[in-house]
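I have placed the structure first, in the form of structure tokens, so that the comments after it can refer back to it.
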There are 2 protein chains.
Amino acid sequence: MSPLIQSFVLHFGEMGSRWGINRTVGQIYALLYVSEKPLNADEIAEELAFSRSNVSIGLKELQAWRLVKLQHFPGDRREYFSTPEDVWAIFRLLAEERQKREVEPTLTMLRGALMESPANAAERHAQARMQAMYDLIELITSWFAEIQKLDAETLQRLMKLGSRVQKLLQITQSLARFTHRDGGDKEAKAESRAARPDEDDPGAGGSEGGAR
Amino acid sequence: MSPLIQSFVLHFGEMGSRWGINRTVGQIYALLYVSEKPLNADEIAEELAFSRSNVSIGLKELQAWRLVKLQHFPGDRREYFSTPEDVWAIFRLLAEERQKREVEPTLTMLRGALMESPANAAERHAQARMQAMYDLIELITSWFAEIQKLDAETLQRLMKLGSRVQKLLQITQSLARFTHRDGGDKEAKAESRAARPDEDDPGAGGSEGGAR
DNA sequence: TCAAATTTTCAAAGTTTTTTGAAATTTGAA
DNA sequence: TTCAAATTTCAAAAAACTTTGAAAATTTGA
């Protein structure tokens, strides 16, 4: 393998472990990502010097993440693997899977905890903290959901604009402008909560969060 | 420990391993997050039934992530730990650290690979793929940098609005409207760029904005 | 300074995860 | 259906990571 490709593959092997995936999976993915053509399991095992069975397991995991496509060639019974070419589509897939595997279970746990009635001050405080976490996760999740709706075409445009921060400032500004439109509204809440956690406790009840 | 808090703590222990942190670290963080008052290492060790030394290591790691604050109380020599209360600040910290530990090294690796001149078709293709990845990461990074600039106050407003998706649609729309404003612009870029990494490269210069 | 209190380090034990080779299963074509 | 190619499973070996207890180092107040 050329050093150029190798450094890419090795980097993903390492990085993989910072995320939930292991070296094998990371390397397989990286190899497929830069490969000109789909590869079969034997080719992958040979390129990366992993055992055939290890590759099999790795490919299964990548399929579970929906990160690889499977295809066949006429007159060849082996399975060939490749990655979607559209990097934006890949990003969306990743975000979706992580949402499903990490965010949803966390929200479920939090909802459960927030339904209990607090038995004492410690629990009341814990619930207030959990509520704050719940609200933030919900907010960020909904941003993501919106961003994910951007189609490839819009993305192209954004990319062509370049990633210079200046331009993006405008987006933020419209965002800020939008929020300012929100008229007065019971104010005190947020402030006091942070400073004196025990005392005013919005606790279980309020929960506005749109919980499904 | 009350079951309410326990389920939260245990969940973070498990989830931690999906991210790069281990059970101990996850649980310590969760415990501090919901705790009414700062805790010292012995209290943490006792609550979680971990050895004192394990807790010491865990706290060090949390400090490296800047996720815990250290403080002292008069007349007590022990160190007490707590988490920042502002969940948005916590999110920003996390994003910054991950940027530093994961995104930057990846961008550096990619820049390196993109500077090489491709030796053959396979390398040429690999570089085009890497360029696509580079551009996407840069784009997403710059969004994050912008979002991170939102101050707590704006956030409060956003949260008060509720996380209903409908409202956010408007943000997306202004975003889309904004991109439409972009006139035509040299096209070929992506495929050929590999050869001339210097040219418009936003990398090193402006874009990193937000971090530290 | 000392010594008590506290935190940190570190080698070893324990645990979990990854990787493998061999065997079992599945698959598609004849 | 059978056969051989291809894939998957699985138990065991290897590697990586976590956790611990004991000892060392540091800090503080007298």
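What's counted below: heavy atoms across the whole structure, side chains too, no hydrogens, waters or symmetry copies. Keep in mind the model is a prediction, meaning the values are calculated, not measured. Throughout, protein chains are lettered first and strands after them, A, B, ... in sequence-line order, and every chain is numbered starting at 1.
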Are any of the side-chain heavy atoms of [X] and [Y] separated by less than 4.5 Å?
X       : Y        : answer
B:Phe91 : A:Leu136 : yes
A:Tyr80 : A:His72  : no
A:Leu32 : A:Leu67  : no

5' to 3' contact window, DNA chain D with chain A (heavy-atom distance under 4.0 Å):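 Nucleotide range with atoms under 4.0 Å of chain A: D:dA4 to D:dT9.
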Sorted by number, the residues of residues 35-56 of chain A with heavy-atom contact under 4.0 Å to DNA chain C: A:Phe50, A:Ser51, A:Ser53, A:Asn54
A:Glu104 bridged to A:Lys100 by N-O distance under 4.0 Å: no
Separation of atom [atom1] in [X] from atom [atom2] in [N], rounded to whole Å:
X       : N      : atom1 : atom2 : answer
B:Leu59 : C:dT6  : CG    : P     : 16 Å
B:Glu14 : C:dT17 : CD    : P     : 10 Å
A:Arg78 : C:dG28 : CZ    : P     : 15 Å

Aromatic plane relationship, B:Phe12 with B:Tyr29 - under 30° parallel, 30 to 60° tilted, over 60° perpendicular: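 If you compare the ring of B:Tyr29 with that of B:Phe12, the planes turn out tilted.
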Under-4.0 Å side-chain N/O to phosphate OP1/OP2 contact, B:Lys60 with C:dT9: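 Yes, within the criterion.
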Polar side-chain contact A:Arg77-C:dT27 base: donor and acceptor under 3.5 Å: yes
Dot-bracket pairing map - DNA chain D, Watson-Crick plus G-U, both contacts under 3.5 Å, | cross-strand: ||||||||||||||||||||||||||||||
Within 6.0 angstrom of B:Glu102 CD, more than 12 heavy atoms from elsewhere: yes
Nearest heavy atoms of A:Met130 and B:Leu4, plus distance in Å: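 Taking every non-hydrogen atom into account, CE-O, 4.0 Å.
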Pair B:Arg129, A:Thr83: side-chain N/O donor-acceptor within cut-off below 3.5 Å: yes
Closest-nucleotide ordering on DNA chain C, the 5'-leading residue of B:Asp76 and A:Arg23: B:Asp76
Check: B:Arg66 side chain, B:Ile90 main-chain N or O, donor-acceptor pair, under 3.5 Å: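 Flag not set: sc B:Arg66 to bb B:Ile90 has no pair under 3.5 Å.
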Exam field: side chain B:His125 to backbone A:Val34, donor-acceptor pair closer than 3.5 Å: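 Yes: the side chain of B:His125 pairs with the backbone of A:Val34.
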From CD (A:Glu46) to CG (A:Leu39), nearest 0.5 Å: 11.0 Å
